[in-house]
Peer 1: 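After the structure tokens below, expect a handful of questions from me.
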Amino acid sequence: QVQLVESGGGLVQAGGSLRLSCAASGRTFNSYAVGWFRQSPGKEREFVAGIRWLSSTTYYADSVKGRFTISRDDAKNTVYLQMNLVKPEDAAVYYCAATAVTPDYSGRIYITNIGSYDYWGQGTQVTVSS
């Protein structure tokens, strides 16, 4: 059973930085992708960033491209989301999620689709002060 545990959320000033962590356990993740999603009150959960574990190929939503960086640490089985130049509109609950990838299901359309993900963490709150 895959388990995902997020941490690192909190209060950050607009323009500041924050790093979220997603600790994964339960299996080897070489054939998986991990994504970060976020949801703010009254809005649907949306894709933020994703990474294919084996190749480290990354994907970003246009709204965070150039400001956020997703990465992974093999030794710690952890995926990070480095958030820089944070904006008030980045405030949300951030979730990490995992999905198995195959040669036919591994491209951008698949990785950025919330419906592709089978395993979810409990979420971590990011609050932005202006």
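Throughout, numbering of the chain's residues begins at 1 and tracks the sequence.
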Peer 1: Minimum heavy-atom separation for Y60 and K65, please, with both atom names.
Peer 2: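 Nearest pair, atom of Y60 first, then K65: O-CE, 3.9 Å.
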
Peer 1: Check step by step if side-chain hydrogen bond (donor to acceptor under 3.5 Å, both in side chains) holds for R27 and Y32.
Peer 2: CA-CA 10 Å; R27 63 187 312 139; Y32 277 71; 3.2 Å; yes

Peer 1: Roughly how far, to the nearest 0.5 Å, is the NZ atom of K76 from the CG atom of D74?
Peer 2: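 One finds 12.5 Å between CG of D74 and NZ of K76.
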
Peer 1: Counting only heavy atoms not in Q13, do more than 12 fall under 6.0 Å of its CD?
Peer 2: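 No - once you tally the heavy atoms of other residues, nucleotides and ligands closer than 6.0 Å, there are 12 at most.
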
Peer 1: Quick one: does any side-chain atom of S40 pair with a main-chain N or O of K43 as donor and acceptor, under 3.5 Å?
Peer 2: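 Not at all, since once roles are kept as given, no pair shorter than 3.5 Å links the two residues.
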
Peer 1: Yes or no on side chain to side chain contact (heavy atoms under 4.5 Å, CB included) for M83 and Y94, after CA distance, side-chain angles and deciding distance?
Peer 2: CA-CA 12 Å; M83 305 168 61; Y94 282 72; 3.6 Å; yes

Peer 1: If you round to the nearest 0.5 Å, how far is CG of N84 from CZ of R67?
Peer 2: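 CG of N84 is found 9.0 Å from CZ of R67.
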
Peer 1: Is it possible for you to check whether R45 lies under 6.0 Å from the centre of the six-membered ring of Y95, through NZ or CZ, and within 45° of that ring's axis?
Peer 2: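 Yes, R45 and Y95 form such a contact.
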
Peer 1: Between the main-chain N or O of T57 and the side-chain N or O of S55, is there a donor-acceptor pair closer than 3.5 Å?
Peer 2: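 Answer holds: yes.
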
Peer 1: Answer yes or no: is there a side-chain heavy-atom contact under 4.5 Å between S106 and R52?
Peer 2: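 The answer is yes, as the side chains (C-beta and beyond) meet within the 4.5 Å cut-off.
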
Peer 1: Quick one: do V2 and V79 end up in the same hydrophobic cluster if we chain Ile, Leu, Val, Met, Phe, Trp and Tyr together by side-chain heavy atoms under 4.5 Å apart?
Peer 2: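 Result: yes, single cluster for both.
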
Peer 1: Between V86 and S17, what is the shortest heavy-atom contact and its length?
Peer 2: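 Closest pair (atom of V86, atom of S17, distance): CG2-CA, 4.4 Å.
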
Peer 1: Looking at V93, is its backbone amide N or carbonyl O close enough to the side chain of R38 to form a donor-acceptor pair, meaning the two atoms are under 3.5 Å apart?
Peer 2: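 Between the backbone of V93 and the side chain of R38 there is no qualifying donor-acceptor contact (under 3.5 Å).
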
Peer 1: As a quick check of understanding, evaluate side chain to side chain contact (heavy atoms under 4.5 Å, CB included) for W53 and V34, giving each step before the final call.
Peer 2: CA-CA 7 Å; W53 196 280; V34 174; 4.0 Å; yes

Peer 1: Might you work through the side chain to side chain contact (heavy atoms under 4.5 Å, CB included) test for T99 and Y105, ending with a clear yes or no?
Peer 2: CA-CA 10 Å; T99 179; Y105 296 96; over 6 Å; no

Peer 1: What I'd like to find out is whether the side chain of E6 reaches to under 4.5 Å of the side chain of W36, using heavy atoms alone.
Peer 2: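 Yes, at least one pair of side-chain atoms sits under 4.5 Å.
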
Peer 1: Do the rings of F37 and F47 sit parallel, tilted or perpendicular, given the 30° and 60° boundaries?
Peer 2: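 Because their plane-to-plane angle is over 60°, the rings of F37 and F47 count as perpendicular.
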
Peer 1: Between CD1 of I51 and OG of S71, what distance do you get to the nearest 0.5 Å?
Peer 2: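 Interatomic distance, I51 CD1 to S71 OG, rounded to 0.5 Å: 6.5 Å.
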
Peer 1: Is the shortest heavy-atom distance from the side chain of Y80 to the side chain of L20 under 4.5 Å?
Peer 2: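 A side-chain contact is absent here, since even the closest heavy-atom pair is not under 4.5 Å.
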
Peer 1: Is the backbone N or O of G9 less than 3.5 Å from a side-chain atom of T124, with the two atoms forming a donor-acceptor pair by type?
Peer 2: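 Yes; at least one donor-acceptor contact below 3.5 Å.
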
Peer 1: Show the nearest heavy-atom pair for residues A100 and Y110, with the distance to one decimal.
Peer 2: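 Looking at all heavy atoms of both residues, the shortest contact is O-OH, 3.0 Å.
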
Peer 1: To the closest 0.5 Å, what do you measure between CD1 (I114) and CD (E46)?
Peer 2: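 Result: 9.5 Å between the selected atoms.
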
Peer 1: For T78 and S21, work out which heavy atoms get closest and say how close.
Peer 2: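 Taking T78 first and S21 second, the nearest heavy atoms are CG2-CB, 4.1 Å.
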
Peer 1: Taking a hydrophobic cluster as the set of Ile, Leu, Val, Met, Phe, Trp and Tyr residues connected by side-chain heavy atoms closer than 4.5 Å, whether directly or through intermediates, do F29 and Y119 fall within one such cluster?
Peer 2: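 As far as the 4.5 Å side-chain criterion goes, Y119 and F29 are connected within one cluster.
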
Peer 1: Do you know which two heavy atoms are closest between Y59 and I111, and how far apart they sit?
Peer 2: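 Of all heavy-atom pairs spanning Y59 and I111, the closest is CD1-CG2, 3.7 Å.
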
Peer 1: Between SG of C22 and CG of D73, what distance do you get to the nearest 0.5 Å?
Peer 2: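 Reported to 0.5 Å precision, the distance equals 12.5 Å.
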
Peer 1: Report yes if the side chains of L18 and V126 come closer than 4.5 Å at any heavy-atom pair, otherwise no.
Peer 2: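 SC-SC contact between L18 and V126 confirmed.
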
Peer 1: Should L4 and Y117 count as side-chain neighbours, where that means a heavy-atom distance under 4.5 Å?
Peer 2: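 Counting from C-beta outward, L4 and Y117 never come under 4.5 Å.
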
Peer 1: Determine whether L54 and S31 make a side-chain contact, defined as any pair of heavy atoms from C-beta on separated by less than 4.5 Å.
Peer 2: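 A side-chain contact is absent here, since even the closest heavy-atom pair is not under 4.5 Å.
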
Peer 1: Between Q122 and V5, what is the shortest heavy-atom contact and its length?
Peer 2: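 Looks like OE1-CA, 3.8 Å.
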
Peer 1: Quick check on E89: does its CD atom have over 12 non-hydrogen neighbours (other residues, nucleotides or ligands) under 6.0 Å away?
Peer 2: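 Yes - once you tally the heavy atoms of other residues, nucleotides and ligands closer than 6.0 Å, there are more than 12.
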
Peer 1: Side chains of Q125 and T127: closer than 4.5 Å at any heavy-atom pair?
Peer 2: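 Q125 reaches T127 side chain to side chain.
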
